[in-house]
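Since the structure comes first, as structure tokens, the remarks are kept for the end.
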Amino acid sequence: MHNINELKSLLSEAKKIVITTHHKPDGDAMGSSLGLYHFLLSLGHQVHLVTPSDYPYFLHWLPGNSEVIDFQIQADKSIQLVAEADLIFCTDFNALSRIGALGELVHQSAAKKVMIDHHLEPEGFEDFTFWDVRACAAAELVYRLIVTLGYGHHIDKDIATCLYTGIMTDSGSFRFPSTSAEVHRIIADLIDKGANNSRIHELIYDTNTENRLKFLGHVLSQKMVILAEINTAYIYIDQEELKKYQIVTGDTEGIVNYALSINGIRFAILVVDRGEARKLSFRSKGEFPANEVAKKYFEGGGHRNAAGGISFLSLSETVAKIKAILPEFEEMLKQ
Ligand code: 5GP
Ligand code: MN
């Protein structure tokens, strides 16, 4: 960020601050936002975190969770907070379309906007940019911002816990190529400052319900299609299955990774029929650009190895579309 001193001087007096993050926030969205939330509180600001939607139950233990305002539940309060804010922090996204109806409100607000993100192609709605595509998580950037502002000593157990969670979830538990030595140094510092690494892993990953495990078994045995000749696997889930297994927000997270974990598979796709639309998750290994497929055909985007998109075709039409477009990428997939 080239105007870091300007931001620091804005933060030197008490401000009304709203933090927001992307639709259906994941571990990094909530970890980075809540880490920032506790940090800004420690500076004496009035801070609110407004999410555009609900988020998975396995993030509800995060410190500060009870203070989070869900725009879909508390619309009037959210509208007022955004309109009256002096500063709006946007974490883990870089295009206002990623926050749905909140996007227009943020756009209209006179507040100065700070974007903290690691996705490609920022649209540039903000006044302050803290953006690095090489960062493994927005939470890594929040850590770096706090340190760059000269407030590293403000990182307490709550901030450390939130940032650890964001980095852990977005780096695939420190396994993706973006997990640099610097990330491990940051993680070591967060553990020093009170993050309980073993407990956090348990709270995030060991939260299966019986239903979810049975659902996973059903999906993997009945709904996964392997296209071995093009090193691709896809999984499609219909509404009846979601209902039968009482699937809630967060339950389908990570399922796409099972398809990608098959030996030789380089591209994995998960399609979930959410009723109003079909949501797609794309994961790839190596050079294959999952985000380009998402962007070109499914109104989405993301990172090279993890992307998402949407389809307004029926579930079977969406699957047919996937099969129809894959030959275009055959050369790359076979490499
Ligand atoms: P997921 O499959 O976990 O929903 O998303 C994977 C990655 O793709 C995340 O980094 C997420 O931010 C991004 N992503 C998911 N859905 C969309 C979308 O509709 N548009 C864009 N631009 N990115 C998305
Ligand atoms: Mn992220």
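Remember, it's a predicted structure, so these values are computed and weren't measured experimentally. We count ligands from 1, going down the list as the structure has it; atoms in each ligand are counted the same way.
Looking from atom 2 (O) of ligand 1 to the surrounding protein, the closest heavy atom is Ser281 OG, 2.6 Å. For atom 15 (C) of ligand 1, the closest non-hydrogen atom of the protein is Gly308 CA, 3.3 Å. In terms of protein heavy-atom proximity, atom 7 (C) of ligand 1 is nearest to Ala306 O, 3.4 Å. At the top of the distance list for atom 19 (O) of ligand 1, counting protein heavy atoms only, stands Lys279 NZ, 3.7 Å. For atom 10 (O) of ligand 1, the nearest protein heavy atom (residue, atom name, distance) is His119 NE2, 3.0 Å.
Taking the six-membered ring where tryptophan is involved, the planes of His201 and Phe174 are tilted, since the angle between them lies from 30° to 60°. Using cut-offs of 30° and 60° for the angle between ring planes, the Phe267 and Phe288 rings count as tilted.
Glu330 meets the side chain to side chain donor-acceptor pair (under 3.5 Å) test with Lys334; sequence neighbours excluded.
Atoms of ligand 1 lying under 4.0 Å from at least one heavy atom of Gly302, given by number and element, are 8 (O), 13 (C), 23 (N). For ligand 1, the atoms closer than 4.0 angstrom to any heavy atom of His303 are 10 (O).
Nearest residue to atom 13 (C) of ligand 1 from Ala137, Gly301, Ala290 is Gly301 (criterion: closest heavy atom). Among Arg283, Lys295, His22, the residue whose heavy atom lies closest to atom 1 (P) of ligand 1 is Arg283.
Using a 4.0 Å heavy-atom cutoff, Arg98 is listed among the residues neighbouring ligand 1.
Note that Lys8 lies in the cation-pi zone of Tyr151, set by a 6.0 Å cut-off to the ring centre and a 45° limit from the axis. For the pair Lys112 and Phe89, the cation-pi criterion (under 6.0 Å, within 45° of the ring axis) is not fulfilled.
The shortest non-hydrogen separation linking Ile159 to His154 is CD1-O, 3.4 Å. In plain terms, the two heavy atoms of Leu10 and Lys15 that are nearest each other are O-NZ, 3.1 Å.
Contact annotation: for Lys24 versus ligand 1, there are no heavy atoms closer than 4.0 Å.
In summary, the side chains of Tyr143 and Asp189 do present a donor paired with an acceptor at a separation below 3.5 Å, with no hydrogens or angles considered.
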*Step by step, work out the side chain to side chain donor-acceptor pair (under 3.5 Å) result for Gln246 and Asn211.*
CA-CA 7 Å; Gln246 296 166 331; Asn211 259 348; 2.8 Å; yes
*Show your working on side-chain contact (heavy atoms from CB on, under 4.5 Å) between Asn291 and His303 and close with a plain yes or no.*
CA-CA 6 Å; Asn291 53 345; His303 314 273; 5.6 Å; no
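Of all protein N/O/S atoms, those under 2.8 Å from the Mn ion (ligand 2) are Asp28 OD2, Asp92 OD1, His118 NE2, Asp170 OD2, and waters are not counted.
Surrounding NE2 of His218 are more than 12 heavy atoms belonging to other residues, nucleotides or ligands, all under 6.0 Å away.
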